[in-house]
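Residue numbers count from 1 along this sequence.
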Amino acid sequence: MGWRTVVITKPAKLDLKLGYLSVRNKDSNVKIHISEISVLIIETVSCSVTSALLNELIKQKIKVIFCDEKRNPASELLPYYGSFDCSLKLKMQIQWDEQTKQMIWTYIVAEKIKNQAFNLDFFNLTESKKLYQYIDQLEFNDETNREGHAAKVYFNSLFGKDFSRSMESPTNAALNYGYSILLSCFNREIVCSGYSTRLGLFHNNMFNSFNLSCDLMEPFRPIVDRFVRLSSPKDFEHQEKMDILSLLSSEFIIDERKQTLLNTIKIYTKSVLDAIEEKDPSLIKFYRYEL
């Protein structure tokens, strides 16, 4: 599996040359072996990409993200078939029973709130006590919406009482960019495991093609939140985006081993899918920061 996150920021032609990604423009010709690439982000709309390259990227299960004219993630490249047994996996996914889905979702919500509380502790914010109380009050399938109550307390504590997720600001731009990168990573892992991103546990919006990804990524959102709070962006330009992308190579502890965030997402996603199939939430492997 590759480890490089490659970002194309200038007009160029992208092609496949003897197993290498060839990036050509008027100033240079750079080649990177396909096996080294984990994520390819095409940040400019002034690029041409050959079908041969796209086909090879799909074969190698490399995450490809296309940005719009504002250089924000707009779409991604996903294969029709990510696993040899995807038809069987889809049948199994359709048959997931509601009680199992709700049970797994309860564990995911608890972990998300716990990670939010850890962030508040990290910044010495006393409101974390309220979030720990919400975890204790959490009911099956979060019937009393502790997740929503926790979010209000959490964001007001982390970014100030005047902060709102609906307002236009560099902070929200950074959060949205980070979340979109996380979502793309989860999409890749779910598809590579043979499942559909459309059929979720809790999220079930008919217009959302990534319901399951939205479910699974919830405990990982606080990683982006902490990073944005630490960086406190005054604007959100190219360098701030590159800084957020560096998170993909940062290290976490999962299954008692250090892993990059990309590998952490891979291990966690597989564990959740296994937990659903086995109806055993104890199989879920959650991450933690390095001590």
Side-chain angles (χ1 to χ4, degrees), residues 2-16 20-32 34 36-79 82 165-192 197 207-210 213-214 217 220-221 223-225 227-228 231 233-250 260-262 265:
W3 68 92
R4 291 180 183 269
T5 298
V6 179
V7 184
I8 309 298
T9 61
K10 297 179 180 179
K13 180 177 181 180
L14 278 60
D15 199 358
L16 178 68
Y20 285 82
L21 164 64
S22 172
V23 183
R24 288 187 293 136
N25 57 34
K26 62 180 181 179
D27 300 318
S28 63
N29 185 357
V30 178
K31 292 183 179 180
I32 305 171
I34 293 290
E36 298 180 3
I37 304 173
S38 177
V39 180
L40 172 64
I41 300 177
I42 301 176
E43 199 186 46
T44 173
V45 294
S46 300
C47 271
S48 63
V49 187
T50 65
S51 58
L53 175 61
L54 292 176
N55 184 56
E56 187 63 24
L57 294 172
I58 282 289
K59 284 183 179 179
Q60 299 300 324
K61 298 181 180 179
I62 294 169
K63 167 59 61 181
V64 182
I65 300 172
F66 299 96
C67 296
D68 59 19
E69 67 280 359
K70 295 181 179 179
R71 297 180 180 266
N72 293 318
S75 63
E76 60 187 53
L77 188 64
L78 285 174
R165 282 289 290 129
S166 61
M167 64 192 294
E168 290 190 13
S169 67
T171 296
N172 268 324
L175 291 174
N176 292 337
Y177 188 85
Y179 295 158
S180 65
I181 297 300
L182 280 181
L183 181 65
S184 293
C185 294
F186 276 95
N187 288 340
R188 178 180 68 170
E189 297 307 329
I190 290 169
V191 171
C192 287
T197 61
F207 303 108
N208 184 1
S209 296
F210 311 119
S213 307
C214 291
M217 71 178 282
F220 285 72
R221 289 177 181 268
I223 293 175
V224 175
D225 303 337
F227 186 87
V228 173
S231 60
K234 298 297 184 289
D235 51 22
F236 191 65
E237 302 296 339
H238 174 71
Q239 185 55 52
E240 286 74 22
K241 293 178 182 179
M242 296 302 101
D243 292 340
I244 288 179
L245 288 174
S246 70
L247 273 175
L248 297 177
S249 58
S250 58
T260 64
L261 179 55
L262 282 172
I265 290 172

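The side-chain heavy atoms of Leu21 and Lys31, taken from C-beta on, include no pair separated by under 4.5 Å. Two residues are said to be in side-chain contact when any heavy atoms from C-beta on lie closer than 4.5 Å; Val224 and Ile244 fail this criterion. In this structure, Leu16 and Leu57 have side chains that are not in contact, with every pair of non-hydrogen atoms separated by 4.5 Å or more. Residues Asp243 and Ser231 form no side-chain contact, since every pair of their non-hydrogen atoms from C-beta on lies 4.5 Å or further apart. Annotation: side chain of Glu240 is not in contact with side chain of Lys234 (no heavy-atom distance under 4.5 Å). Side-chain contact between Leu40 and Ile65: absent, with no pair of heavy atoms (C-beta onward) separated by less than 4.5 Å. For the pair Ile181/Ile41, a side-chain contact is recorded, criterion being any heavy-atom separation below 4.5 Å from C-beta on. The shortest side-chain heavy-atom distance between Arg188 and Ser38 falls under the 4.5 Å cut-off.
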Problem - Worked check of side-chain hydrogen bond (donor to acceptor under 3.5 Å, both in side chains) between Asn187 and Ser213 - result: CA-CA 6 Å; Asn187 288 340; Ser213 307; 2.4 Å; yes
Practice task
Apply side-chain contact (heavy atoms from CB on, under 4.5 Å) to the pair Ile265 and Met217, showing each step before the final yes or no.
Solution key: CA-CA 9 Å; Ile265 290 172; Met217 71 178 282; over 6 Å; no
Handout entry: Test log, rule side-chain contact (heavy atoms from CB on, under 4.5 Å), inputs Ile42 and Cys67
Key = CA-CA 6 Å; Ile42 301 176; Cys67 296; over 6 Å; no
Practice task
Evaluate side-chain contact (heavy atoms from CB on, under 4.5 Å) for Ile62 paired with Val39, printing each intermediate quantity in order.
Solution key: CA-CA 6 Å; Ile62 294 169; Val39 180; 6.0 Å; no
Practice task
Dump the intermediate steps for side-chain contact (heavy atoms from CB on, under 4.5 Å) on Lys13 and Asn25, then the final yes or no.
Solution key: CA-CA 6 Å; Lys13 180 177 181 180; Asn25 57 34; over 6 Å; no
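A distance-only check finds a donor-acceptor pair linking the side chain of Arg71 to the backbone of Thr9 [under 3.5 Å]. Side-chain atoms of Asn176 come within 3.5 Å of backbone N or O of Asn172 as a donor-acceptor pair. Of the possible donor and acceptor atoms, none in the side chain of Thr260 sits under 3.5 Å from a partner among the backbone N and O of Ser250.
If you take CD on Glu43 and NZ on Lys241, they are separated by 5.0 Å, rounding to the nearest 0.5 Å. Residue Asn72 holds its CG atom at 16.0 Å from CZ of Phe66, rounded to the nearest 0.5 Å. Between atom CG of residue Leu14 and atom OG of residue Ser22 there is a gap of 8.0 Å, rounded to the nearest 0.5 Å. Rounding to the nearest 0.5 angstrom, the gap separating the CG atom in Leu261 from the CG atom in Leu245 is 11.0 Å. Atoms CD1 and SG, from Ile8 and Cys47 in turn, are 6.0 Å apart once rounded to the nearest 0.5 Å. How far CG of Leu182 is from CG of Leu248: 7.5 Å, rounded to the nearest 0.5 Å.
Counting all heavy atoms, side chain and backbone alike, Thr44 lies closest to Pro11 at CG2-N, 4.2 Å. For the residue pair Val23 and Ala12, the shortest heavy atom distance occurs at CG1-CB, 3.8 Å. Shortest non-hydrogen contact noted between Cys185 and Leu262 is SG-CD2, 3.7 Å. Closest approach of Pro170 to Pro233, counting heavy atoms only: CB-O, 3.5 Å.
With sequence neighbours excluded, no residue forms a ring pair (Phe, Tyr, Trp, His ring centres under 6.0 Å) with Tyr179. Legend: residues meeting salt bridge (charged side-chain N to carboxylate O under 4.0 Å, His left out) with Lys63, ordered by chain and number and at least two apart, are Glu76.
Ring centroid separation for the pair Phe220 and Phe186 comes in under the 6.0 Å cut-off.
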